[in-house]
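Everything below concerns the one structure shown next.
All figures in this text were calculated on a predicted structure; none of them were measured in a lab. Just so we're on the same page: letters track the sequence lines, and every chain starts at 1.
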Number of protein chains: 2
Amino acid sequence: MAGVAPSTVSFVLNGKGKQMRIRDEVARKIMQVVEKSGYEPHRMAVNLRTGQSKTLGLIVESISGSFFASLAKTIETEAERRGYNVVYCSTENNAQKGGELIRMLGRQMVDGYLITPAPGMEKEIQQLLQQHKPVVLMDSYFPAIKTPYVLINNFDGVQQGMEHLIKKGLTKIAFVTVDVKLIQLEERLRGYVTTLKDHRIPLKKKHVLHLKYHKQREDSLNELQEFIEKNPEIDAVFFATNYLGILGLEVIARLGLKMPQDLSVICFDDHDIFRLYPPGISVIEQPIEGIAKAAIDLLMHQLDKNNGPIKKPAIQLPGRFILRGSA
Amino acid sequence: MAGVAPSTVSFVLNGKGKQMRIRDEVARKIMQVVEKSGYEPHRMAVNLRTGQSKTLGLIVESISGSFFASLAKTIETEAERRGYNVVYCSTENNAQKGGELIRMLGRQMVDGYLITPAPGMEKEIQQLLQQHKPVVLMDSYFPAIKTPYVLINNFDGVQQGMEHLIKKGLTKIAFVTVDVKLIQLEERLRGYVTTLKDHRIPLKKKHVLHLKYHKQREDSLNELQEFIEKNPEIDAVFFATNYLGILGLEVIARLGLKMPQDLSVICFDDHDIFRLYPPGISVIEQPIEGIAKAAIDLLMHQLDKNNGPIKKPAIQLPGRFILRGSA
DNA sequence: TACCTATGCTAAATCGATTTTGTAAAATTT
DNA sequence: AAATTTTACAAAATCGATTTAGCATAGGTA
């Protein structure tokens, strides 16, 4: 349409006009035609030729979870700013599905991976690295896997909450967590234990509850209820995840306890419910935007092949303690 | 690797071996090599050649909303079953962004669109149809646009809830909605008005509140509070959306009203909070899975070119009334 | 005048598949 | 036995871009 060869158009559109010394006059003519005709390069053809899909794979546990939803949102925005698209996949807490997903994305030729690793995905991630695919982990990581990761400083987050409780004079603080072997949870427990020790408050084993991950919701509720009933001296509870916190709210309502008079409550990881549930549940808020942005940055750094090695492959961002009515 | 031509491999892999009378022996050999070498066709090359990306575009208002998140989840699962991938995009209630998104997906060469239309996207959708792109709308639709859509039966949903309230002897029922011109909301209001009429309960104009869509959250709260205070005779409130319902909970807490003694509450569209917030908020639950499946079916039908026209281009699925403590 | 270099583009190869066309060899028909 | 058809694949064209190599023309140098 512009009366020139396809290659000439390609040069101009890809900003190589100067380098290929295309006359400004011709370049203008091309741009004009492009504008008027609304021409858009065929994505697949570009991908095939360049070997880059300009697409990132985001693998999360569950899209419908609020933490992951927010994460996805920010990542999408950030990726778009840099000219990348995102395809999401959720593992739905199913390790086997995680593997399939990664292979599916591989088939799809994504340029890089952003993964919130679930237990059991370790091997698949290791494979990706062997294929020299750029990977950034979020929210958690595997100590054995040497790839960049970004997460909240779990230890510090718990400490902030614990310090608040202790400052209020509470000392019989329970800690409710899950028996999954995840770095985050271990760190959160470490925060609990360490803060107590720092304040010379004796750590009581019976004040720490490890709920079974694979149990039914109802079973967990009962176990939690029993835990609180059997330890009436407890004046505060720290829930290690928002799922646990929500269970907690239900149990506390069942027992007719008033927050914070009968029991102070702090939960790790915010949730819509915690803002609205009277009297408002105090939480450690994850710096989701920060995590997303840092993760994208790390991934982009790997995608730019001319870049050197990453200077900071492990990023821990501080969480924010949000004081509401419950503590 | 199998000692045959690429075309032969292609025939076998695409199930055209019989048709092209490739010997079983050769086919087996090919499959064997494929298995052992872990060969996967290059997606982009396939797409380029076939013109099909095997990808669907899902455009929703906000990925982080729970309705949309669940929708996305089901759609992803269903699409995967049929060998399709999904790319999501959220308009974040921004009409202009909606247009950009649609164009972006076009560039990406998605085979079809699943859209929850927001006011202002009408023109863009019209354009897609002119380009003969398959489109299915969900949750709402534009009367002027002739493309299949799937949504809950809003009228019937409200009626179910209203019947329950009336059966309990409540007659001073308020209806809180938003002043956005959306089919869903009009239908819900119609459900309210019609049910009252059916029971010969006089419709009072002052019992219907149209909150301004663009107002700040705080302003809406105040307006809602004033509404309830100025109409103390009201014995029940029907909220037309879950966002409104959540505002309602906050106002009711502020006013110190007890549900359902002082005020019965029903809300259209469930939300995590409504399950947990004491005493549990009764809701009309959207048949999200059904909507997602029906929408995918309609889209797939359009993608199979050999299919005739769609027999039922407008699907309305019944909602489910979930009785909790609030009504 | 012959040779070299810079300019400004075009032609052709390439990415990795699918699909149409072609073609030996074997089987069947005339 | 010659002609035709069927079998079983291979060769080549194609999708729509990018990129490398090529090729006239103009200007400058030996």
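- Along DNA chain C, the nucleotide closest to S7(B) and the one closest to A45(B) are compared, and the more 5′ of them pairs with A45(B).
- Overall bending of the helix from dT1(C)-dA30(D) to dT30(C)-dA1(D), expressed as the angle between end axes built from five pairs apiece, is 80° (10° steps).
- Looking at heavy-atom distances under 4.0 Å, R23(B) makes contact with sugar-phosphate atoms alone, never a base.
- In this structure, CZ of R28(A) is placed 17 Å from C1' of dC9(C), rounded to the nearest angstrom.
- Toward the 5′ end of DNA chain D lies the nearest nucleotide of R49(B), the other residue of the pair V46(A) and R49(B) mapping further downstream.
- The number of heavy atoms from other shown groups lying within 6.0 Å of CD (Q316(A)) is above 12.
- Atom OG1 of T77(B) is separated from atom NZ of K293(B) by 9.0 Å, given to the nearest 0.5 angstrom.
- One atom, CD of Q19(B), and another, C1' of dT20(C), lie 12 Å apart when rounded to the nearest Å.
- Among the protein residues, N14(B) comes within range of the sugar-phosphate backbone only, with heavy atoms under 4.0 Å from sugar or phosphate atoms but none that close to a base.
- For the pair L48(B) CG and dT18(C) P, the interatomic distance rounds to 11 Å; values are reported in whole Å.
- Here the CG-CE distance, from L299(A) to M138(A), works out to 9.5 Å after rounding to the nearest 0.5 Å.
- When each of dT20(C), dC9(C), dT19(C) is scored by its nearest atom to the side-chain atoms of K16(B), the top-ranked nucleotide is dT19(C).
- In this structure, the separation between NZ on K36(B) and CE on M31(B) is 13.5 Å, given to the nearest 0.5 Å.
- Note on T8(A): a base of the nucleic acid sits closer than 4.0 angstrom, heavy atoms only.
- Distance CD (E25(A)) to P (dT7(C)): 17 Å, rounded to an integer number of Å.
- Where G3(B) and T50(B) each meet DNA chain D at their nearest nucleotide, the meeting point lying more 5' is that of G3(B).
- Between V60(B) and L114(B) the shortest side-chain heavy-atom distance does not fall below 4.5 Å.
- Residues L137(A) and P148(A) form no side-chain contact, since every pair of their non-hydrogen atoms from C-beta on lies 4.5 Å or further apart.
- Using a distance-only test at 3.5 Å, with no hydrogens or angles considered, no donor-acceptor pair links the side chain of T8(A) to the main chain of V4(A).
- Side-chain atoms of D269(A) do not come within 3.5 Å of backbone N or O of T241(A) as any donor-acceptor pair.
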Write down the protein N/O and nucleotide N/O pairs, taken from nucleotides 23-27 of chain C, whose separation is under 3.5 Å; answer none if there are no such pairs.
none

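- For E289(A) and T74(A), the side-chain atoms include no donor-acceptor pair closer than 3.5 Å.
- In this structure, the separation between CZ on F142(B) and CE on M121(B) is 7.0 Å, given to the nearest 0.5 Å.
- If you walk DNA chain D from 5' to 3' and mark each nucleotide with an atom closer than 4.0 Å to a heavy atom of chain B, the marks span dT7(D) to dG16(D).
- Counted by atom type alone, S53(B) and D111(B) present one or more donor-acceptor pairs between their side chains at under 3.5 Å.
- Once rounded to the nearest 0.5 Å, the distance linking CD1 of I288(A) with OG of S70(A) reads 4.0 Å.
- The CD1-P distance, from I22(A) to dT7(C), rounds to 13 Å in whole Å.
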